[in-house]
Amino acid sequence: MNALSFCFLSKLVSRPFSMQSLPPQPSLATRRNETKPQIPPSTALSSSIGATVTTSIFDTFEDIIHNYIDPPLRPALDPRLVLSGNFAPVNELPPTECEVIQGALPSCLDGAYIRNGPNPQYFPRGSYHLFDGDGMLHSLRISQGRATLCSRYVKTYKYTTERKLGSSIVPNLFSSFSSLPVCIARCALCAARIIMGHYDPAKGIGHANTSLALFSNRLYALCEYDLPYNVRLTSDGDIETLGRHDFDGTLLAANMTAHPKVDPDSGEAFAFRYGPIRPFLTYFYFDANGNKHPDVHMMSLPHPSFVHDFAITKNYALFADIEMRMKTPIEMIVQGGPPMVTDPAKVARVGVIPRHAENESEMRWFNVPGFNPMHFVNAWEEDNGNAIVLIAPNFISIQHALERLDHVNSMMEKVRIDLKTGLVTRQPVSLRNLEFAVINPSYLTKKNRYVYSGICEPLAKMSGVVKLDLSKGEFEECTVASRMYGPGCYGGEPFFVAKEGGESEDDGYLVSYVHNENTGESRFLVMDAKSPHLHIVATVKLPQRVPYGFHGLFVRQSELNNL
């Protein structure tokens with residue numbers, strides 16, 4: 001295992017637990033799609049079909065670590081709790097026609113809505129974090145008013161290797177390390193698996209379970225601790241993984257952000273990577289043809305910060321250095337525990353750099369105390385380029401961001417940075433607990449009026465969606481429309497699909513998967529983004545439950561044809 005692979009294998013972790021009886025790891029392909037995971041009888045030796053003798057021996061050592069070295073279980077990492085209800089994984093589903101049970105699908109929805117999320121291939125042997133599951137894409141292909149659902153794993157190197165061996169062998173990045181004894185034991189076991197040729201971490205350790213991006217006529221499934229995986233949709237609506245993509249060898253490091261930004265006018269894609277060793281932050285971009293430009297190392301970032309997302313304007317890229325930082329490799333090994341720590345004494349900052357910068361000489365940092373965004377909604381320039389405005393949900397309780405998502409509150413804010421004077425002003429947009437917000441994609445980098453956000457009750461489950469009007473006055477509540485899904489019904493991140501030839505910014509539809517926890521059924525909702533109550537214009541009954549997940553996008557048929 002090389003040094004970089006080791007750092008990323010060890011960085012994003014949480015403290016595991018000791019299960020008193022260890023279940024074997026049944027393949028989800030042989031399991032029913034129940035709302036709660038089945039817990040098979042305990043065993044000290046994995047008996048997965050197809051597992052080699054050495055795999056079974058290593059699995060036995062893994063069980064010993066779980067039983068006798070791991071510290072006690074924390075509820076936030078108990079797979080019996082984390083993988084319950086609609087967080088439980090489902091089987092793959094081949095293209096299956098769906099029933100439109102309300103209204104009619106608009107003609108402009110000609111393409112596919114695809115959403116990513118975690119869906120573990122094997123039931124966890126020990127502790128499990130929501131971010132640890134294998135990536136599964138849920139695609140609803142829409143054509144001529146008809147819909148077809150398909151759910152497929154992203155066939156990452158990790159997924160295919162474990163599928164071949166019949167056992168989970170790659171440690172979970174968010175939950176497999178906790179203390180020095182555990183780190184020593186698991187690193188030794190990892191080294192033994194590598195020596196025996198079970199897997200090669202240089203070929204990838206990521207799940208590709210976070211988001212999707214479309215640029216340079218390629219569709220990517222992404223997570224921030226691996227390279228992108230190129231995927232495509234077939235003519236019948238199936239999903240194929242084409243492979244891990246390093247952009248012809250120009251993306252030399254082992255990871256890239258899960259949130260690249262694509263300029264809708266130029267076709268350029270902007271991205272970054274971060275990690276626990278210097279340089280802690282590296283920025284780069286791709287031209288419209290997918291050619292990567294040289295790295296820009298941000299040496300002015302003095303510590304390994306947690307940088308999940310960023311924003312771009314027509315001329316700048318913006319990064320947030322929040323009150324949460326990554327532990328150094330030594331801290332991770334010696335201290336164990338969560339991979340990130342919060343520092344209330346740290347002053348949060350926003351960094352601004354020209355988006356075509358060749359080095360960081362023009363990087364400027366602006367103090368924004370208490371501003372802790374995990375995701376950016378949009379940013380643009382004002383005053384002839386002398387000021388920047390950014391929109392983002394600010395995590396008020398940042399200390400709960402990794403383990404107690406149900407305790408997290410985030411408030412949508414508008415932040416204005418005067419590049420001449422350095423003055424930073426802030427304005428609350430809404431006092432509701434909002435996250436996973438989107439805009440009309442064509443307004444990225446431009447001044448936009450409307451924002452559509454999920455209502456977190458609690459985070460990771462959205463009880464509804466709101467429409468915010470940023471043109472409202474400084475002391476006015478900006479919510480102008482909302483749609484609650486109803487008792488026991490929760491969705492995820494909405495996505496805005498513009499009407500073809502639409503005359504206004506909000507002329508289009510919001511789409512989302514919504515699950516009814518009372519009936520166990522999932523549906524696809526289409527809402528009129530311009531109506532005062534986000535009126536539902538179409539409902540599609542889905543043939544299989546769609547678990548709660550992360551980020552998605554809508555890909556038009558004309559774009560699918562070019563993949």
Side-chain angles (χ1 to χ4, degrees), residues 215 224 247 250-253 255-257 259-275 277-323 325-326 346-369 371-373 375-392 413-426 443-447:
F215 60 93
E224 61 193 23
F247 298 89
T250 59
L251 197 56
L252 301 178
N255 67 313
M256 188 183 94
T257 178
H259 289 291
K261 305 300 180 187
V262 183
D263 189 310
D265 297 324
S266 70
E268 297 169 295
F270 300 83
F272 68 94
R273 62 177 177 270
Y274 73 100
I277 56 176
R278 282 189 179 273
F280 302 120
L281 179 65
T282 299
Y283 167 66
F284 50 90
Y285 70 97
F286 307 88
D287 64 24
N289 296 318
N291 299 311
K292 179 182 174 293
H293 286 246
D295 290 343
V296 176
H297 301 305
M298 306 295 190
M299 304 306 292
S300 59
L301 192 67
H303 41 243
S305 188
F306 179 51
V307 188
H308 179 67
D309 196 3
F310 77 131
I312 60 170
T313 69
K314 281 300 179 183
N315 294 291
Y316 298 100
L318 289 73
F319 296 90
D321 180 17
I322 65 176
E323 293 173 8
R325 68 169 178 84
M326 295 182 64
K346 178 182 175 183
V347 178
R349 308 182 298 168
V350 172
V352 179
I353 189 171
R355 75 180 201 177
H356 293 118
E358 296 181 356
N359 55 63
E360 72 156 346
S361 61
E362 296 182 71
M363 182 70 162
R364 298 177 62 189
W365 290 98
F366 300 86
N367 289 344
V368 192
F371 184 58
N372 296 295
H375 295 106
F376 285 87
V377 180
N378 196 23
W380 63 85
E381 297 163 30
E382 293 183 344
D383 190 21
N384 295 319
N386 292 315
I388 292 175
V389 175
L390 61 92
I391 308 296
E413 290 193 26
K414 178 190 290 187
V415 179
R416 189 178 191 273
I417 302 173
D418 190 313
L419 298 179
K420 279 188 173 183
T421 66
L423 178 66
V424 178
T425 56
R426 298 165 63 180
Y443 280 77
L444 186 72
T445 77
K446 308 179 185 72
K447 183 176 182 179

Would the distance check show the side chain of E381 and the main-chain N or O of T313 forming a donor-acceptor pair, the cut-off being under 3.5 Å? no

Start with the C-alpha distance between R273 and E224, add both sets of side-chain angles, then the distance that settles salt bridge (charged side-chain N to carboxylate O under 4.0 Å, His left out), and finish with yes or no. CA-CA 7 Å; R273 62 177 177 270; E224 61 193 23; over 6 Å; no

For F284, is the NZ or CZ atom of K292 found under 6.0 angstrom from the centre of its six-membered ring and inside 45 degrees of the ring axis? yes

Checking the side chain of N289 only, and the main-chain atoms of N291 only, is there a donor and an acceptor separated by less than 3.5 Å? no

Is the side chain of E360 donor-acceptor paired with the backbone N or O of M299 at a distance under 3.5 Å, no angle test? yes

Polar side-chain atom of R349 near backbone of V368 as donor-acceptor pair, under 3.5 Å: no

Using every non-hydrogen atom in the two residues, find where E382 and W380 come nearest and quote the distance to one decimal. OE2-NE1, 3.1 Å

Just to verify, what does D383 make a side-chain contact (heavy atoms from CB on, under 4.5 Å) with, not counting sequence neighbours? N386, A387, R416

Quick check for you: to the nearest 0.5 Å, what is the distance between L318 atom CG and K261 atom NZ? 11.0 Å

Y274/F280 aromatic ring centres below 6.0 Å: no

Over all heavy atoms of both residues, which pair between P373 and I322 is shortest? Give the atoms and the distance, please. CD-CG2, 3.7 Å

Within the side chain of N378, is there an N or O that forms a donor-acceptor pair under 3.5 Å with the backbone of L390? no

Applying side-chain contact (heavy atoms from CB on, under 4.5 Å), name anything that partners F319, two or more places apart in sequence or on another chain. F272, L281, Y283, M298, V307, F310, A317, I353, M363

Tightest non-hydrogen contact, residues L419 and R364, listed as O-NH1, 2.7 Å

Does one side chain, of D295 or T282, offer a donor that lies under 3.5 Å from an acceptor on the other? no

